[in-house]
Amino acid sequence: MSPLDYDFLCKLLKEQSGLALAADKQYLVESRLLPLVRKAGLANLADLVAKLRNGGQRLAVDVVEAMTTNESFFFRDKIPFDHFRDTIMPALLAARARERRIRIWCAAASTGQEPYSLAICLKDMKDKIAGWRVEIVGTDLSIEVLERAKAGVYSQFEVQRGLPIQLLVKHFAQVGEMWQIAADIRAMVQYRPLNLLSEFAHLGEFDLVFCRNVLIYFDQETKVGVLNRIARITAADGYLVLGAAETVVGLTDAFKPMPDRRGLYAPNPAGAKPGLPGKVAAMAGPRVATAVGVR
């Protein structure tokens, strides 16, 4: 691949997905895109770039999907789910006792292991949330991984990563060599396509946002933009969960770290919460009423 072609691909990926690639990642781009070259019936990467330069929009989507990292597994890193059970849900149950409704957003949900892990946690506390409406929204840039998430079908390797055997037996059914998560768990999660580079106020306000292990792929300017947009749709007494290698420190003062809770952040009343244009602010205010009841 020529330097000019690599530069073009880097700009395309940055503009369409936020992915920031260093100059030494050309080998990664080539390895990820060569299968796409063959699938598209092209001779080489130069032909792929030429087609993209000529407005190959469908191909551009395929390039973004090929370069997107969809690494995910059940109860990944464990600590965020401990926070969910021990800190976040008790606080939200007390704060939302009157309206009895909670909204959760899993940004960059990939193939669904994270939102389904949260749904399983909610199943375990079904007595505490009986009569409540709890909505989990999972979003991702990739349509392909969202379709996999909706199906909820995983390989033996995927269910072995982080999922205790008792939860596998309780919430999954074996289908041939694969495992499918139970229909009642699948029904607790709504999946929608979303690019984090776009405005997402239309999603409404959330009490909890999981945005883990995606900011690490963005440059500082993109991280700031994403965090500030998340702040606009996070309830004043809500929570943000980031990955272990991510932080808001030095990026935005709209959130503050919670003491002794690694990766957990709360809206900062003393911070300058980015304002919304009038029309968008009106969209962000109401809560979406199509929550999924937890049984």
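Because the structure is predicted, anything quoted here is derived from the model rather than measured.
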Answer yes or no: is there a side-chain heavy-atom contact under 4.5 Å between [X] and [Y]?
X: Arg103; Y: Ile136; answer: no
X: Leu194; Y: Trp105; answer: yes
X: Leu28; Y: Arg32; answer: yes
X: Thr234; Y: Leu240; answer: no
X: Ile104; Y: Val137; answer: no
X: Leu118; Y: Phe81; answer: yes
X: Leu242; Y: Cys211; answer: yes
X: Val248; Y: Phe255; answer: yes

Strictly by modelled atom types, are [X] and [Y] linked by a side-chain donor-acceptor pair under 3.5 Å?
X: Gln156; Y: Glu177; answer: no
X: Ser198; Y: Asn195; answer: no
X: Thr222; Y: Gln220; answer: no

In Å, rounded to the nearest 0.5 Å, how long is the span from [atom1] of [X] to [atom2] of [Y]?
X: Ser110; Y: Leu141; atom1: OG; atom2: CG; result: 11.0 Å
X: Ile102; Y: Ile129; atom1: CD1; atom2: CD1; result: 7.5 Å
X: Leu122; Y: Met188; atom1: CG; atom2: CE; result: 4.5 Å
X: Leu9; Y: Leu52; atom1: CG; atom2: CG; result: 6.5 Å
X: Arg38; Y: Leu34; atom1: CZ; atom2: CG; result: 6.0 Å
X: Phe75; Y: Leu163; atom1: CZ; atom2: CG; result: 6.5 Å

Charged N to carboxylate O under 4.0 angstrom, [X] versus [Y]?
X: Arg192; Y: Glu135; value: yes
X: Arg58; Y: Asp62; value: yes
X: Lys51; Y: Asp47; value: no
X: Glu199; Y: Arg232; value: yes
X: Lys123; Y: Asp184; value: yes
X: Asp82; Y: Arg261; value: no
X: Glu114; Y: Arg212; value: yes
X: Arg148; Y: Asp140; value: no

Is it the case that the side chain of [X] and the backbone of [Y] share a donor-acceptor pair, with hydrogens and angles ignored and the cut-off at 3.5 Å?
X: Glu246; Y: Leu215; answer: yes
X: Asp77; Y: Ile79; answer: no
X: Arg186; Y: Ile181; answer: yes

[X] atom [atom1], over 12 foreign heavy atoms within 6.0 Å:
X: Asp260; atom1: CG; answer: no
X: Glu221; atom1: CD; answer: no
X: Arg100; atom1: CZ; answer: yes
X: Glu144; atom1: CD; answer: no

Under a single-linkage definition using a 4.5 Å side-chain heavy-atom cutoff for Ile, Leu, Val, Met, Phe, Trp and Tyr, are Val61 and Val145 assigned to the same hydrophobic cluster?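 Not linked; separate clusters.
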
Please, which pairs that meet ring-ring contact (aromatic ring centres under 6.0 Å, His included) have at least one residue in residues 139-178, sequence neighbours excluded?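 Counting only pairs at least two positions apart or across chains, the ring-ring contact (aromatic ring centres under 6.0 Å, His included) contacts touching residues 139-178 are Phe74-Tyr154, Phe74-Phe172.
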
Would you list the pairs meeting ring-ring contact (aromatic ring centres under 6.0 Å, His included) in which at least one residue belongs to residues 106-125, sequence neighbours left out?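 Those involving residues 106-125 are Tyr116-Tyr191.
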
Taking all non-hydrogen atoms of both residues into account, name the closest pair between [X] and [Y] and its distance.
X: Ala66; Y: Leu33; result: CB-CD2, 3.9 Å
X: Leu92; Y: Asp237; result: CD2-O, 4.2 Å
X: Val37; Y: Ala43; result: CG1-C, 4.1 Å
X: Ser17; Y: Leu197; result: C-CD1, 3.6 Å
X: Asn268; Y: Asp253; result: ND2-O, 3.1 Å

What residue among Arg96, Arg133, Arg101 forms salt bridge (charged side-chain N to carboxylate O under 4.0 Å, His left out) with Asp207?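 Going through the options one by one, the only one that passes is Arg96.
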
Val224 vs Thr252, side-chain contact (heavy atoms from CB on, under 4.5 Å): CA-CA, chis, key distance, verdict: CA-CA 6 Å; Val224 169; Thr252 179; 5.5 Å; no

